[in-house]
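Quick caveat: nothing in here was measured; it's all calculated off a predicted structure. In each ligand, atom 1 is the first atom listed, and ligand 1 is the first ligand listed. Sequential numbering from 1 along the given sequence is applied to the chain's residues.
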Amino acid sequence: MINISPPLDGAAPTVAALTRALFGEQLESHHEPWRKLFGTEPFRFREGLSPGERAALSYERLRLINEALDSPEDLVADVERLTALHEWVGPVDAGLGTVASIHYNLFLGSLLDHTSGPDRDLGEFTTLRRTGTFLCTEAGHGNSAVQLETTAVYDPATREFVLHTPHPAARKFMPNTSPVGGPKTAVVAARLIADGKDRGVFLFLTPLGDENGVPTPGVRIRSLPQTATAPVDHCITSFDHVRLPYEALLQSDHGRLTPEGDFTSSVGSPRKRFLRSIGRVTPGKLCMSGYSLGVTRHALAVAVRHAHTRRTSGVTAGGSVPLFAHRSHHTPLVDAIATTYAATFLHRDAVRQWARATESEQENAERFAAVAKGWITWRAREVMTECRERCGAQGLFLANGIAGQLAANEGTITAEGDNLVIWVKAAGEMLLGHFTPEERGDAPPESHDLGDPLFLQELLADIERVWHQRARARLRGAAAGNPLNRWNAAVTPALELVDAHAHRRAAQALLDAAAGTAHPEARRQLTLLHQLFALRRVAAHSGDLLAEGYLTGEHVRRLPDAAESVVDALAPEAMILTEGFAALDETLLDHPINRPEACEGMLPPH
Ligand SMILES: Cc1cc2nc3c(=O)[nH]c(=O)nc-3n(C[C@H](O)[C@H](O)[C@H](O)COP(=O)(O)OP(=O)(O)OC[C@H]3O[C@@H](n4cnc5c(N)ncnc54)[C@H](O)[C@@H]3O)c2cc1C
């Protein structure tokens, strides 16, 4: 039987080394402050609240975040700090994650990124006297938001814009514009019409209502039906000839307007102007990844801990064993740990690349952020679903920190760029020259061992190459003429290429983290995680790898046992690996699943 008791004896240095590997030098500066804040009493789970009460509570808590900040502007300007906040907020309050992300990143970030035009006093937003919202999506234009139809017509005589929703399909869809949480101001994406010409989509600063909850004249806000995701005051919002001052336009190089109505832009294409206007959506993708990772690590910490404390029958009559003693129970959890470590390191790479990108590197960094966001938020869904199930019915209670966060993760999959759509875009770019398969070594496959991490990385690159070739061949072979038909011929293998790319990069990031860890035991465990993660992927594509001569038949036969051996080696370390996540102790200990007496309290009286 697997030795799991007591799992953490003498392991503190390993746990500390794993935590350091996961959070790096920024552990103390970027992560600890949020761990401390969210461990305090106001962030404890409250049973019995309605969705509306939960939404209101999220805004109260947003004020506590804001009070903890020296400078909201500095937070917004530093994507590494901003995404770190997202990594810790989800386990305590998923809705708080949503409203914080919108206020700081989409709203304040947009204001700060638009550096031209008249000076603006941001005091009421940085002190949260008014909460910021971001209105881009329209009922008729979600992923096609580039075609949005709200207009802002400039009138140089009065030096005002007239913001207008031309028809119901142009109403702004989803943003949290209700009076819940106090007065709000939006940045509204609308077509700038100046001198009778459509200049493309720009952002307009628009107060939505006053301190008493009375909407600004001409602004109409209706609550949307309740969602199954984080409880947030999602609304549908429209504008009936709302007059805004000249200063409302957020200006930058990509669009400047003089008070007299003369328009200039450094960007020719309206599509690019739109993308520049909503540029905050790229850090937003990194924020969504951060949210997903935080809740995934927390869910795994809950599930692995539960697996070590909950007892069940063994294979012989009588007696009992911890759930974790069963291979059927610990294998999916160990796999989930490997995926989650890989996902965290992939995220670190994506954030670093975005933060340090020069202008010429920005396009690559944006694509990488999109690929990573899709991969991480989808993996989060899988891992949290596994955690929910491994906790049995306990996994369903909101108070246990898994089910609500899993539902809220659906929001990260759709918001800030729908995963499938941003992967389709990345796939197109990778096919059309923004990707070159890795060079291959000459050594024959039989000279390699499945335990060699470099061989495994080579195989992951081979999977990329296979799908790249397939997608290109289908694109080349497709009948000319209808561009959508041609793209449809190639998109399925092209999406496989994106997936293969994300897997290889995630595995590489995990391997690099192992190599960069000085502590021998932590390095050993990270290397094993890499091996398991890579073996699963290689096994799933072993047919292609064999057919192309990258693997031998003997390798393929050995794959299942190779993975079993790694699971064997990693299972005793599962608690250490999840302790390395440094999950919020106060929140963990507060979950009824970790407090048998609390579970008693959950039962109705006889
Ligand atoms: C929790 C949450 C919070 C949000 N907050 C905000 C906010 O603050 N501000 C805001 O402006 N918006 C917000 N949104 C809206 C969000 O931006 C949109 O939901 C998103 O852009 C997708 O649009 P849609 O829902 O209309 O889906 P659709 O565009 O209708 O897409 C539905 C599906 O169709 C497919 N599809 C669509 N277009 C294509 C295409 N071109 N190619 C291939 N397949 C396609 C995709 O599979 C997609 O999943 C929020 C959404 C959520 C879930």
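- The 12-atom threshold is not exceeded at CZ of Arg271, counting heavy atoms of other residues, nucleotides or ligands nearer than 6.0 Å.
- What sits closest to atom 48 (C) of ligand 1 on the protein, heavy atoms only, is Asp418 OD2, 3.4 Å.
- The protein atom (non-hydrogen) at minimum distance from atom 22 (C) of ligand 1 is Asn143 ND2, 3.7 Å.
- Note on ligand 1: Val424 sits outside its first shell, no heavy atom being nearer than 4.0 Å.
- Every atom of ligand 1 with a heavy atom of Leu420 under 4.0 Å away is listed here by number and element: 47 (O).
- Counting non-hydrogen atoms of other residues, nucleotides and ligands closer than 6.0 Å to CZ of Arg474 gives a total of 12 or fewer.
- What sits closest to atom 12 (N) of ligand 1 on the protein, heavy atoms only, is Thr137 OG1, 2.7 Å.
- Of the N and O atoms on the side chains of Ser265 and Arg199, not one donor lies less than 3.5 Å from an acceptor on the other residue.
- Distance check on atom 41 (N) of ligand 1: every protein heavy atom falls at or beyond the 4.0 Å cut-off.
- Thr216 places a side-chain N or O within donor-acceptor distance of the main-chain N or O of Pro207, the cut-off being under 3.5 Å.
- In this structure, the protein non-hydrogen atom closest to atom 39 (C) of ligand 1 is Val421 CG2, 3.7 Å.
- Checking Thr412 against Thr377 by side-chain atom types alone, no donor-acceptor pair falls below 3.5 Å.
- Close approach of ligand 1 to Gly142 (heavy-atom distance below 4.0 Å) involves ligand atoms 21 (O), 23 (O), 24 (P), 26 (O), 29 (O).
- Within 6.0 Å of atom CZ in Arg220, 12 or fewer heavy atoms from other residues, nucleotides or ligands are found, so the atom counts as exposed in its surroundings.
- Checking Arg256 against Ser116 by side-chain atom types alone, a donor-acceptor pair falls below 3.5 Å.
- Listed by number with element, the atoms of ligand 1 under 4.0 Å from a non-hydrogen atom of Phe134 are 7 (C), 8 (O), 9 (N), 10 (C), 11 (O).
- In this structure, the protein non-hydrogen atom closest to atom 20 (C) of ligand 1 is Thr414 O, 3.7 Å.
- The local environment of CZ in Arg63 is crowded, with over 12 non-hydrogen atoms from other residues, nucleotides or ligands closer than 6.0 Å.
- Not a single heavy atom of Thr229 sits closer than 4.0 Å to an atom of ligand 1.
- Using a 4.0 Å threshold on non-hydrogen atoms, atom 27 (O) of ligand 1 counts as touching the protein.
- Here the protein heavy atom with the shortest distance to atom 53 (C) of ligand 1 is Met174 CE, 3.8 Å.
- Using a 30° and 60° split on the angle between ring planes, Phe161 and Tyr246 fall in the parallel class, below 30°.
- Residue contacts with ligand 1: His234 is included, with a non-hydrogen atom under 4.0 Å away.
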